[in-house]
**Student:** 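Before we start, here is the structure in question, set down as structure tokens.
The structure displayed is predicted, hence computed values, not measured ones. Reminder, nothing fancy here: chain letters follow the sequence lines and each chain counts from 1.
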2 protein chains.
Amino acid sequence: MSNAPAPAPTSRREQILKEAARLFAERGFHGVGVDEIGAAVGISGPGLYRHFAGKDAMLAELLVGISERLLDGGRMRIAEGGESPGAVLDALIDGHIDFALDDRPLITVHDRELDRLREADRKRVRRLQREYVELWVTVVREVHPEPSEAEARAAVHAVFGLLNSTPHLGRPGALPGRTDMAHLLRRLALGAFGAMADGAEEAGGAGGAAPASGA
Amino acid sequence: MSNAPAPAPTSRREQILKEAARLFAERGFHGVGVDEIGAAVGISGPGLYRHFAGKDAMLAELLVGISERLLDGGRMRIAEGGESPGAVLDALIDGHIDFALDDRPLITVHDRELDRLREADRKRVRRLQREYVELWVTVVREVHPEPSEAEARAAVHAVFGLLNSTPHLGRPGALPGRTDMAHLLRRLALGAFGAMADGAEEAGGAGGAAPASGA
DNA sequence: GAGCGACGTTAACGGCCATTAACCGCACCT
DNA sequence: AGGTGCGGTTAATGGCCGTTAACGTCGCTC
């Protein structure tokens, strides 16, 4: 309950959340004042309190929202099931890349401001994150059974770091465009997972276990 | 006689910086009060002003310090020159991993609080960061000449994200120990760079394509 | 054509927090 | 002894900022 008020497609709430995400990403939760957030959507200061209980509530809704969307997306892709575990992993990677490229500010805020939440919300977000990670770990281990679970989990975290690196990129166009970037990130991620396996089996079977599928 | 006030090697300043780094990493620059930092080193509150001009000064010294150490380390390893470009890249990676594993808080603060600096300091830090990246780009392109410079640069950023992922790891020991972690990260990084190259040449060589050199 | 609820506005209030003031004691030198 | 200065202390001070109050205005429905 309590949800589904938003009748309109892009309600005021969503507009506020979007701007808040951008500002939080740029200057940090504590670095942004409510007046700024208000100004960003054309209203000023305390007007925000008609839409949110407080500044904390905005952050909470942002973080929970991201985590849920990531997890739901992951579950969906797994449920759809590809032709092989490798295809599912590809789908997970592509999904995460879309997210990282399209919602940079959210990604930034996501792993930066978690501790500013109230205990309850923080636990909820952590739970969602953990489930998302475990989703990946499961799939990764189907594709690459050799490494230990601890290794696989660490590798998943590392690949998240890799995929989430886009926000750190400098403004200038000294970088590939969106499409090229997506392809590059996908390759890098697959390469990393492949190397995780290669090292673990030590067999020297460079074959890479035919990790990918697509294209 | 008072117990060793420790005028020793690790001066009060360094002690303060270390604790400040930890706290900034945990709760963010704005999230930490000077009283907390003071308490962490046994003195309280404004006593810090005997050692630093202000809270900002601590952050500035931290960020400049990290950036300089990273860059110097990188330059040194390049100057030493390995037996091959691949060996140099290995050295860069190992160096960065040591840093990431030993100075987690610093790494966290490093790419989180950059914008809280005064214009001058921020520019300085950015310059150092950029030089460090370019160092890597140069070496990477010697090992893997095929990809464009833009791709190589993006890949370097991504690998930084991968290597810097350690701070995000949960407390529990559900993860590899330091040594295993270092080996794993190294493999992942090399795998990513190898995949960057594989994709660029389109050779279709599914395997690791003998990415680096090292062991 | 009155009433009401959604949405804003501006003006306090109150707390937190970085920074400064004013003051202290010990170590060390002469 | 006497002075100097470094490293601390506790008590203001002053500003920023989240939040609340009190008050207006549409636009809608009965």
Side-chain angles (χ1 to χ4, degrees), chain A residues 2-63 109 113 115-119 121, chain B residues 1-24 26-63 109 113 115-119 121:
Chain A
S2 86
N3 60 3
T10 139
S11 68
R12 205 58 189 263
R13 277 181 73 86
E14 298 178 50
Q15 190 190 5
I16 293 171
L17 284 176
K18 188 176 152 195
E19 295 301 315
R22 186 177 54 79
L23 289 167
F24 289 162
E26 278 172 14
R27 296 210 279 293
F29 181 68
H30 292 290
V32 179
V34 288
D35 289 357
E36 275 176 287
I37 303 176
V41 297
I43 75 183
S44 246
L48 295 169
Y49 286 72
R50 296 288 168 202
H51 303 276
F52 294 91
K55 205 181 151 194
D56 304 8
M58 299 181 210
L59 182 61
E61 194 156 325
L62 277 177
L63 292 181
V109 174
E113 312 283 1
D115 318 297
R116 268 51 124 197
L117 260 51
R118 283 178 20 250
E119 174 74 6
D121 295 316
Chain B
M1 320 265 140
S2 69
N3 44 11
T10 85
S11 69
R12 207 58 190 263
R13 276 182 75 86
E14 298 177 49
Q15 190 189 6
I16 293 171
L17 285 175
K18 188 177 153 196
E19 294 303 314
R22 185 177 53 79
L23 289 167
F24 289 162
E26 278 172 16
R27 296 210 279 292
F29 181 69
H30 293 290
V32 180
V34 288
D35 289 358
E36 276 176 286
I37 303 175
V41 298
I43 75 182
S44 249
L48 295 169
Y49 286 74
R50 296 288 168 202
H51 303 276
F52 294 92
K55 207 179 150 194
D56 304 8
M58 298 181 209
L59 182 62
E61 194 156 326
L62 277 176
L63 292 181
V109 174
E113 312 283 2
D115 317 298
R116 268 52 123 196
L117 261 51
R118 284 176 22 248
E119 175 73 5
D121 294 318

**Student:** Name the closest nucleotide to the B:Lys55 side chain, picking from C:dA18, C:dC23, C:dT9.
**Tutor:**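 Taking heavy atoms from C-beta onward, the closest nucleotide is C:dA18.
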**Student:** Between B:Lys55 and B:His30, which heavy-atom pair has the shortest distance, and what is it?
**Tutor:**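 Nearest heavy atoms, B:Lys55 then B:His30: NZ-CA, 4.1 Å.
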**Student:** Counting any heavy atom closer than 4.0 Å, what does A:Gly33 reach on the DNA or RNA strands: base, sugar-phosphate only, or nothing?
**Tutor:**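 Here A:Gly33 touches the backbone only, sparing every base.
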**Student:** Mind listing the closest non-hydrogen atom pair of B:Val41 and B:Glu19 along with its distance?
**Tutor:**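 Between these two residues, the closest heavy atoms are CG1-CG, 3.7 Å.
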**Student:** Heavy atoms under 4.0 Å, any strand shown: does B:Gly54 hit a base, just sugar-phosphate, or nothing?
**Tutor:**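 If one applies the 4.0 Å heavy-atom cut-off, B:Gly54 turns out to touch the sugar-phosphate alone, with no base involved.
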**Student:** How long is the line joining CD1 of B:Ile43 and C1' of C:dC24, in whole Å?
**Tutor:**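 These atoms are roughly 16 Å apart.
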**Student:** So which one's nearest nucleotide on DNA chain D is more toward 5', B:Ser44 or A:His30?
**Tutor:**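 Per heavy-atom nearest nucleotide, the more 5' residue is B:Ser44.
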**Student:** With heavy-atom distances below 4.5 Å as the criterion, would you say the side chains of B:Asp115 and A:Glu26 are in contact?
**Tutor:**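 In short, these two side chains do not touch, never coming nearer than 4.5 Å.
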**Student:** First and last nucleotide of DNA chain D touching chain A, 5' to 3', heavy-atom cut-off 4.0 Å?
**Tutor:**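 Answer, 5' to 3': D:dG18 to D:dC23.
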**Student:** At their closest point, which heavy atom of A:Ala20 faces which heavy atom of A:Ile37, and how far apart are they?
**Tutor:**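 Closest approach of A:Ala20 to A:Ile37, heavy atoms only: CB-CG2, 4.2 Å.
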**Student:** Quick one: is C:dA6 close enough that its OP1 or OP2 comes under 4.0 Å of any side-chain N or O from A:Arg12?
**Tutor:**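 Indeed not, no polar side-chain atom of A:Arg12 lies that close.
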**Student:** Between A:Asp35 and A:Arg50, which is nearer to the 5' end of DNA chain D once each is assigned its nearest nucleotide?
**Tutor:**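 Nearest-nucleotide comparison on DNA chain D picks A:Asp35.
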**Student:** What nucleic acid atoms does B:Val41 come within less than 4.0 Å of, heavy atoms only: base, sugar-phosphate, or nothing?
**Tutor:**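 Here B:Val41 touches no strand at all.
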**Student:** Salt bridge check, B:Glu14 against B:Lys18: does any charged N sit closer than 4.0 Å to a carboxylate O?
**Tutor:**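 Looking at B:Lys18 and B:Glu14, the cut-off is not met.
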**Student:** Mind calculating the distance between CZ (A:Phe52) and C1' (C:dA6) to the nearest angstrom?
**Tutor:**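 In whole Å, C:dA6 C1' lies 15 Å from A:Phe52 CZ.
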**Student:** Return the CZ to CZ distance between A:Arg13 and A:Arg50, rounded to the nearest 0.5 Å.
**Tutor:**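 One finds 14.5 Å between CZ of A:Arg13 and CZ of A:Arg50.
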**Student:** B:Tyr49 OH to C:dC17 C1': how many Å, rounded?
**Tutor:**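 Rounded to the whole Å, the gap is 9 Å.
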**Student:** Quick one: is C:dA6 close enough that its OP1 or OP2 comes under 4.0 Å of any side-chain N or O from A:His51?
**Tutor:**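 The answer is no; no side-chain N or O of A:His51 sits under 4.0 Å from OP1 or OP2.
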**Student:** Can you measure from CG (A:Leu59) to CD (A:Glu113) and round to the nearest 0.5 angstrom?
**Tutor:**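 Spacing of CG (A:Leu59) from CD (A:Glu113) equals 6.5 Å.
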